[in-house]
Amino acid sequence: MEALQWIPAILAGAAALFVMGSIIWGLFDVLGDKRLDQATRTVWALLIFALPLIGILAWLYTKPQIAGGSDHVRLKKTL
C-alpha cells in the first residue's frame, strides 16, 4: 500500500479520536457541574451523547451563562 492510501485512514482515525474525546470530556464536564440539578444533567448528557458535536458546542455556549458570567470576565480576572 502506498503512503497516499494511508492518509484518509489516518485522518479519519484522528477525527474519530477527536469526537470521542470531546464526548468523554463533555460528559465529565456536565456530570461534574454541581450548579445543575440531576434532571438538567441528564438532559445535557443525553444531548451530548445523541448529537455529539452540536451538543458539545451548545454546552460550551451555555456554560458561562450558567456560571453567571462571561468568558471575558474570567479572562480579565486571570490576567
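Model, not experiment: these values are computed from the prediction.
Considering CG of L27 and OG of S22, their distance stands at 10.5 Å, rounded to 0.5 Å. The structure places CZ of R35 at 12.5 Å from OG1 of T40, a figure rounded to the nearest 0.5 Å. In this structure, CD1 on I24 lies 7.5 Å from CZ on F28, to the nearest 0.5 angstrom. One finds the CD1 atom of I54 at 15.5 Å from the OH atom of Y61 (value rounded to the nearest 0.5 Å).
Taking all atoms of both residues into account, the shortest heavy-atom contact from V19 to P52 is CG1-CB, 4.3 Å. Residues I48 and I23 come closest through the heavy atom pair CG2-O, 4.2 Å. Taking every heavy atom of both residues into account, A45 and V30 meet most closely at N-CG1, 4.2 Å.
A donor-acceptor contact shorter than 3.5 Å links the side chain of T62 to the backbone of A58.
I56 has its side chain out of reach of L53: every pair of non-hydrogen atoms, C-beta onward, lies at least 4.5 Å apart. Side-chain contact between K34 and R41 is present, with at least one heavy-atom pair separated by less than 4.5 Å.
Salt-bridge check for D33 with K63: failed, with every basic side-chain N at 4.0 Å or more from each acidic carboxylate O.
Note on F49: it clusters hydrophobically with L60, by side-chain heavy-atom contacts below 4.5 Å among ILVMFWY residues.
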